[in-house]
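First up is the structure itself, then whatever we jot down about it.
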Amino acid sequence: MIRDILRVSSRTILLHITFVVVIGLVISYAIMSAPDSPSIRSEKGLLDLTQDHIRTNPVKLDGDWTFYWHELLSPEDIRNRIEKGELPDRYINIPGSWLGYPLDGQELTGEGFATFRLLIQLSEQDKNERLALRLPTIFHAYKLWVNGELLAEEGKVGQDKSNTIPQLATKLVFFESKSDRMELVMQVSNFHHNRGGITKEIELGGSNVLTVRTKLKIATDMFITASLLVIGMYNLMLFLLRRQDRAPLYFGLFTLLFGVRSLLNGELMFTQFFPDFPWELQFKMEYLTLSLGGYVITKYFECIFPNYVSRWFRLGSRIVTGLLCVVVVVTPALIYTKLLMLIGVVVVLHMTYLMVGLAKAAIQRSEGALIFLLVSVVALITVINDFLYFSEWSPIGNTSPVGLLIFTIAQMILLSSRFTRAATNEERITRELQEANDRLTDMNTNLEKLVEERTHALSAAHEDLRTSYEQLLRSEHGRKKLLAYITHDLRLPLSSMLGYVEAVKDMVKPERNEQYLKYIRDNTIRINHMIGELSFLSHLETGQVEYHMEPVHAADFLHRFFEQYELVVLDAGLEFTLDIGGGKEQRVDSPILEMDEQRLEQAVFNLLSNAMKFTSAGGIIRLALAVDETEDHPCVIISVQDSGMGIPPDQLEQIFDRNYRYDRPSTDMKVEGSGLGLAICREIVQAHGGSVHAESDGKTGSIFYISLPIYTKNRKVTA
């Protein structure tokens with residue numbers, strides 16, 4: 001049906017638009033003129049209800065109320081005045097603000113305080129019945145007496161701003177009139193808002209009827225509010241799932257804004273939920289939602305129908321909305337509430353501008369434009385009525401939540417249709433692509449098999465070439481590194497040996513030839529050993545050494561190491577001790593390391609050998625095991641401690657370098673070795689994911705630590 005409407009001529013569309021506007025206005029004025037209770041008005045402070053049965057047919061207390069300006073009188077004060085012959089001579093029309101009320105040749109402002117009084121003559125059948133008064137929000141603090149009894153109080157009534165506490169709330173009070181004459185006295189003060197007084201209708205009727213009406217209004221407000229909030233959250237979730245489309249974002253924000261505003265109007269559910277919420281902040285929230293509404297709906301419209309909003313309008317909307325929001329935030333309610341009509345004009349101008357754009361889009365048969373336009377007319381009518389109502393120019397109550405709910409539901413349908421259409425197109429395209437792909441697959445099956453076989457063969461050949469190249473590259477790198485090591489480290493001992501050979505050849509000191517030959521032999525053995533270590537170190541540094549890792553108990557590893565080298569250390573005249581904490585039963589529960597046992601044994605032996613070289617006979621070497629759980633990742637620490645000559649603290653960072661070698665000049669101990677053991681140890685430990693460092697004060701020996709991460713995988717352990 002919608003597609004048929006979109007196909008009609010532009011003239012027909014304009015006729016439809018005109019018809020909807022006229023019908024909407026007629027309906028609104030019909031509702032405005034249709035009374036929902038008997039049309040009875042008070043005259044000169046007296047309301048005659050002797051011919052009415054208000055227990056079943058509640059009435060609104062409209063008409064003339066006695067008005068005492070700048071006086072806060074109790075029922076007893078008024079009674080005393082009347083007994084003295086001081087009859088009231090000033091009346092004010094209710095509902096209505098005292099703003100603009102003529103008094104002594106001047107018009108009153110919205111600030112001030114006053115007392116209102118109304119006498120009601122009840123029928124005999126309403127006397128002694130349980131009645132109720134339904135009190136709206138009264139600007140902005142009041143006290144109410146019925147027949148001399150204080151029944152209701154909101155905020156704190158005072159004669160100046162410092163003694164007045166504003167509060168807004170709707171209330172239903174119950175009472176019984178013992179006589180057929182009822183007196184209402186209400187004190188009202190306002191120093192915080194542009195308008196003061198009883199601006200909304202007070203209803204009088206039977207307690208049951210008014211209770212049902214109140215509950216229905218609360219239920220209606222809750223339904224509208226919950227619907228707006230749920231729809232708003234739903235659209236924000238849609239935006240979070242698909243951020244390319246900003247339409248759900250602005251629509252969700254718009255719906256949430258007016259969902260919150262509906263809590264602040266009507267039955268004031270927000271005040272019922274949060275009775276201690278600050279009055280000023282509550283009003284700022286209400287006015288901010290109004291100020292932002294036009295801008296947010298413009299952004300939403302721009303997402304739905306691009307290129308229909310001019311750049312100048314966007315800029316002007318942003319500036320005006322920003323200025324209004326700043327005024328609402330930084331000024332008190334007494335100032336920004338005077339801008340209500342200006343805010344209303346801005347919002348209406350936004351909606352009118354958008355409706356012109358919608359009319360153009362509908363004429364151009366843009367999808368969804370006509371529906372958008374029709375519901376926008378409904379929303380515009382209800383919004384205009386609300387601004388007129390809050391300015392006391394319309395008798396119809398708060399209607400914008402209903403209009404906005406209708407608008408929101410229609411937009412939900414529009415957005416859902418867009419998502420559905422996009423999903424349908426995606427499914428159709430996917431299906432067509434799948435069918436085309438199936439056909440191509442059937443046509444190229446043999447070709448794909450051939451390509452797959454050739455590709456597999458090429459991949460295998462490429463992998464072999466890559467592996468060979470990497471091995472060759474590592475070998476070449478290792479060769480260059482080994483050549484550099486040999487060139488650097490063997491130049492000095494070879495030069496020294498050459499000098500001794502020349503000395504033997506030239507018979508420089510024939511009596512020392514045997515000593516020279518022994519030195520040449522020992523140096524040749526040491527150089528041969530050094531070449532082996534240099535070769536192994538270059539392989540370690542270039543990653544050419546393979547590790548066969550397996551989980552092993554750390555305590556068992558150290559125990560085997562100790563048993564293997566205990567005699568070697570003892571033969572060197574040193575004491576060798578092992579500290580792994582407990583016997584064999586406790587070793588079963590010791591931490592587990594993932595290691596290449598042969599390589600790690602070589603690393604520990606290098607530390608042990610280093611300790612033996614620098615420890616004099618009779619010294620002690622201690623091999624220990626500990627667990628460090630202070631870090632984020634627990635680790636096992638293997639330490640080798642000696643009682644030797646120690647290492648200067650300023651050289652502890654250098655001892656693991658390949659070119660480092662330290663001989664303490666103050667000792668006669670002869671230390672032999674290539675100086676590569678610690679560098680090899682560091683490479684092996686780092687390959688196990690650990691680290692190695694040393695501690696020494698330079699006088700009383702050294703301690704070398706190997707830190708290795710604990711193995712945590714649930715695997716079979718080799719003990």
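Note that the structure is a prediction, hence the values are computed from the model and not measured.
Judged as a ring-ring contact (aromatic ring centres under 6.0 Å, His included), and not counting sequence neighbours, the contacts of Y705 are H693.
The backbone N or O of F605 sits nowhere less than 3.5 Å from a side-chain atom of S609 that would complete a donor-acceptor pair. Counting only distance, with no hydrogens or angles, the side chain of H688 and the backbone of D596 share a donor-acceptor pair below 3.5 Å. Listed for the K284 side chain is a donor-acceptor partner under 3.5 Å among the backbone atoms of V328. A donor-acceptor pair is defined here as one N or O able to donate and one able to accept, closer than 3.5 Å; no such pair exists between the side chain of S702 and the backbone of S696. Remark: the backbone N or O of T700 is paired with a side-chain donor or acceptor of D697 at under 3.5 angstrom.
Between I684 and Y547, some side-chain heavy-atom pair lies under the 4.5 Å cut-off. In this structure, the side chains of F704 and I638 stay at 4.5 Å or more apart for every pair of heavy atoms. For the pair V692 and S707, the minimum side-chain heavy-atom distance is 4.5 Å or more. Looking at heavy atoms from C-beta onward, I647 lies in side-chain contact with L652 at the 4.5 angstrom threshold. With contacts defined as side-chain heavy-atom distances shorter than 4.5 Å, the pair I710/V627 qualifies.
Shown here for T615 and D642, the closest heavy-atom pair between the two residues is OG1-CB, 3.4 Å. Closest heavy-atom contact between A611 and V640: CB-CG1, 4.3 Å. Of all non-hydrogen atoms in V604 and L623, the two that sit nearest each other are CG1-CD1, 4.3 Å. Shortest non-hydrogen contact noted between I580 and A555 is CD1-O, 4.0 Å. A pairwise comparison of heavy atoms in C681 and I706 identifies SG-CD1, 4.4 Å as the closest pair. The two residues L574 and A617 have their closest heavy-atom pair at CD2-CA, 4.1 Å.
Using a 4.0 Å cut-off between charged nitrogen and carboxylate oxygen, E302 and R246 do not count as a salt-bridge pair.
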field: salt bridge (Lys or Arg N to Asp or Glu O under 4.0 Å) evaluation trace for R622 with E575
entry: CA-CA 8 Å; R622 178 176 174 267; E575 183 180 345; over 6 Å; no
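Using modelled atom types and a 3.5 Å distance limit, the side chains of Y565 and E601 yield a donor-acceptor pair.
Rounded to the nearest 0.5 Å, atoms CZ (R560) and NE2 (H553) are 10.0 Å apart. In this structure, CZ on F557 lies 10.5 Å from CG on L625, to the nearest 0.5 angstrom. Of the inter-residue distances, the one linking L288 atom CG with M285 atom CE reads 9.0 Å to the nearest 0.5 angstrom. Taking CG of N606 as the reference point, atom CZ of R682 lies at 13.0 Å (rounded to 0.5 Å). Distance check: L600 CG to L593 CG gives 7.5 Å after rounding to the nearest 0.5 Å.
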